[in-house]
Amino acid sequence: MKTVVISGGTDGMGRATALARRERGDAVVVIGSNAEKGRALGPGITFVQADLSSTAEVARVVATLRERLESVDALVLCANRQSPRRRETPEGLEYTFALYFLSRHLLAEGLRPLLEAAPAPVVVNVAGVGMTKGAIAWDDLQLRRGYGMVRAQLQAGRLNDLLGAGYRGKARYVLYHPGFTRSGDLSPLPAPLRLTLRLLARVAARPVAASAAPIVELVDHPPAARLTAVDRGKVLDPSLPTLDPAAAERLREVIERAGWR
């Protein structure tokens with residue numbers, strides 16, 4: 001039996017992964033904001049309710065799990081939600097930056113002692129590796145100038161790439177881009193965009209189970225390499241510009257100066 005922790009695990013691929021690992025007899029912990037969806041996961045899955053866009057909430061979750069668990073075999077990072085308009089968390093951070101990027105960094109670092117207590121730990125970061133669109137606004141990470149929903153999502157995706165490139169723990173780190181999948185909460189989006197995405201999903205999107213299947217297997221069979229990047233089934237060359245070690249070190253310095261530990 002393995003212990004699997006999943007952030008954003010009440011919807012889409014996170015949920016599919018949680019249910020599949022429960023069927024294999026694992027101890028599964030799901031972190032999410034929606035209590036009703038958490039209860040709907042059913043018995044055998046521990047649900048921890050938290051707003052992961054809040055750094056204080058992430059710290060509370062980390063403290064709770066470090067108190068309850070002896071080790072973590074797999075940490076699967078899925079939490080994300082689009083925000084059509086710029087908004088800030090109680091700590092004054094741009095919402096997408098805080099949820100899609102910073103919560104993932106804080107969970108991986110905060111749970112590192114539990115990961116390193118496991119024999120063959122793995123971190124799976126579900127984001128957009130392999131994409132070259134988007135850029136990191138190093139002088140305006142909170143996107144106070146020129147915010148756009150797509151711009152915020154792309155920047156957070158590029159930051160997640162660098163988390164993998166710069167990770168220094170014992171765990172194997174997998175950056176995983178599933179491609180267009182019939183998953184995710186579309187409720188924050190304008191009605192016309194929701195309709196368009198649902199229509200596209202009917203003809204072009206992968207089923208949730210198909211996109212989640214590689215994650216389910218990675219729990220049992222972590223890769224040998226320290227960093228593995230997978231874009232829609234293709235293993236990528238780690239020398240990609242979006243995985244630049246120098247940029248990863250720059251991000252580490254930004255994180256350390258801001259005190260995001």
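Worth knowing before you read on, the calculation uses all heavy atoms, side chains too, and leaves out hydrogens, waters and symmetry mates.
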Could you pull out every donor-acceptor pair under 3.5 Å between side chains of residues 108-118 and any protein atom, sequence neighbours left out?
{"unit_1": "E109", "atom_1": "OE1", "unit_2": "R112", "atom_2": "NH2", "d": "2.9"}
{"unit_1": "E109", "atom_1": "OE2", "unit_2": "R112", "atom_2": "NH2", "d": "3.0"}
{"unit_1": "E116", "atom_1": "OE2", "unit_2": "K170", "atom_2": "N", "d": "3.0"}

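Using a distance-only test at 3.5 Å, with no hydrogens or angles considered, no donor-acceptor pair links the side chain of R226 to the main chain of A171. Judged by distance alone, with hydrogens and angles left aside, the side-chain atoms of R158 form a donor-acceptor pair with the main-chain N or O of K133 at under 3.5 Å. In this structure, the side chain of R86 engages the main chain of Q142 through a donor-acceptor pair within 3.5 Å. Using a distance-only test at 3.5 Å, with no hydrogens or angles considered, a donor-acceptor pair links the side chain of Q155 to the main chain of L141. A donor-acceptor pair under 3.5 Å is formed between the side chain of R172 and the backbone N or O of A224. With hydrogens and angles ignored, the 3.5 Å screen pairs no side-chain donor or acceptor of T89 with any backbone N or O of Y95. Between the side chain of E91 and the backbone N or O of S54, no donor-acceptor pair lies under 3.5 Å. For H105 (side chain) and W260 (main-chain N/O), a donor-acceptor pair under 3.5 Å exists by modelled atom type.
Within 6.0 Å of CZ on R15 lie no more than 12 heavy atoms contributed by other residues, nucleotides or ligands. Sparse packing is recorded around CD of E70, with 12 or fewer heavy atoms of other residues, nucleotides or ligands lying under 6.0 Å away. In the displayed structure, E36 atom CD is contacted under 6.0 Å by at most 12 heavy atoms of other residues, nucleotides or ligands.
In the hydrophobic clustering of ILVMFWY residues, with side-chain heavy atoms under 4.5 Å counting as a link, L243 and V124 come out apart. Cluster annotation: Y100 and Y176 are assigned to distinct hydrophobic clusters (Ile/Leu/Val/Met/Phe/Trp/Tyr, side-chain heavy-atom contacts under 4.5 Å, transitive). Hydrophobic clustering of Ile, Leu, Val, Met, Phe, Trp and Tyr side chains at less than 4.5 Å, counting indirect connections, unites L69 with V61. Both L251 and L107 belong to a single network of hydrophobic side chains, linked directly or stepwise wherever heavy atoms of I, L, V, M, F, W or Y lie under 4.5 Å apart. Note: the hydrophobic cluster containing V254 also contains Y167 (ILVMFWY, side chain heavy atoms under 4.5 Å, direct or indirect links).
Contact of the K37 side chain with the D11 side chain is registered, since non-hydrogen atoms from C-beta on lie closer than 4.5 Å. D26 is not listed as a side-chain neighbour of T3, based on a closest heavy-atom distance of 4.5 Å or more. Here the side chains of Q153 and N80 are in contact, with some heavy-atom distance below 4.5 Å. Between F47 and R39, every side-chain heavy-atom pair lies at or beyond the 4.5 Å cut-off. Between L163 and V123, the closest side-chain pair of non-hydrogen atoms is not below 4.5 Å. Between L175 and V230, the closest side-chain pair of non-hydrogen atoms is not below 4.5 Å. Residues R68 and V29 form no side-chain contact, since every pair of their non-hydrogen atoms from C-beta on lies 4.5 Å or further apart. Under the 4.5 Å side-chain criterion, counting only non-hydrogen atoms from C-beta, V122 is in contact with V174.
Summarising the geometry of S211 relative to M13, their closest heavy-atom pair is CB-SD, 3.3 Å, with the distance given to 0.1 Å. The minimum heavy-atom distance linking L52 with A79 is given by the pair CD1-CB, 4.1 Å. Nearest heavy-atom pair across P223 and L218 is CD-CD2, 3.8 Å. Between R151 and G146, the closest heavy-atom pair is NH1-O, 2.9 Å. When all heavy atoms of G130 and L236 are compared, the pair lying nearest together is CA-CD1, 3.5 Å. Here the closest non-hydrogen pair linking A229 and V129 is CB-CG2, 3.7 Å.
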So R252 and R168, side chain to side chain contact (heavy atoms under 4.5 Å, CB included) or not? Walk me through it.
CA-CA 11 Å; R252 177 175 293 278; R168 298 178 179 176; 3.3 Å; yes
Please step through side chain to side chain contact (heavy atoms under 4.5 Å, CB included) for the pair I31 and I6, ending with a clear verdict.
CA-CA 6 Å; I31 311 163; I6 304 172; over 6 Å; no
What do the steps show when you test D51 against R60 for salt bridge (Lys or Arg N to Asp or Glu O under 4.0 Å), and what is the final call?
CA-CA 10 Å; D51 176 3; R60 177 181 65 81; over 6 Å; no
Quick one: do R21 and D220 satisfy side chain to side chain contact (heavy atoms under 4.5 Å, CB included)? Show the steps, please.
CA-CA 10 Å; R21 293 309 312 186; D220 287 329; 3.0 Å; yes
For T10 and V30, run side chain to side chain contact (heavy atoms under 4.5 Å, CB included): C-alpha distance rounded to whole Å, both residues' side-chain angles, the deciding distance at 0.1 Å, then the answer.
CA-CA 7 Å; T10 59; V30 165; 4.0 Å; yes
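Atom CE of M149 sits about 10.0 Å away from atom CG of L154, to the nearest 0.5 Å. Rounding to the nearest 0.5 angstrom, the gap separating the CD1 atom in I255 from the CG atom in L106 is 8.0 Å. Expressed to the nearest 0.5 Å, how far CG of L93 lies from OG of S53 amounts to 9.0 Å. Taking CD of E57 as the start and OG of S33 as the end, the distance is 10.0 Å to the nearest 0.5 Å. Rounded to the nearest 0.5 angstrom, E94 CD and F101 CZ are separated by 12.0 Å. The CG atom of L159 lies 11.5 Å from the OG1 atom of T96; values are rounded to the nearest 0.5 Å.
Between the side chains of Q49 and N34, no donor-acceptor pair is found at a separation under 3.5 Å.
Grouped by direct or indirect side-chain proximity (heavy atoms under 4.5 Å, Ile/Leu/Val/Met/Phe/Trp/Tyr only), M1 sits alone.
Within the structure, side chain to side chain donor-acceptor pair (under 3.5 Å) contacts touching residues 117-129 (residues at least two apart or in different chains) are R104-N125, N125-N160, N125-Y173.
The pair E217-R24 counts as a salt bridge, with a side-chain nitrogen and a carboxylate oxygen less than 4.0 angstrom apart.
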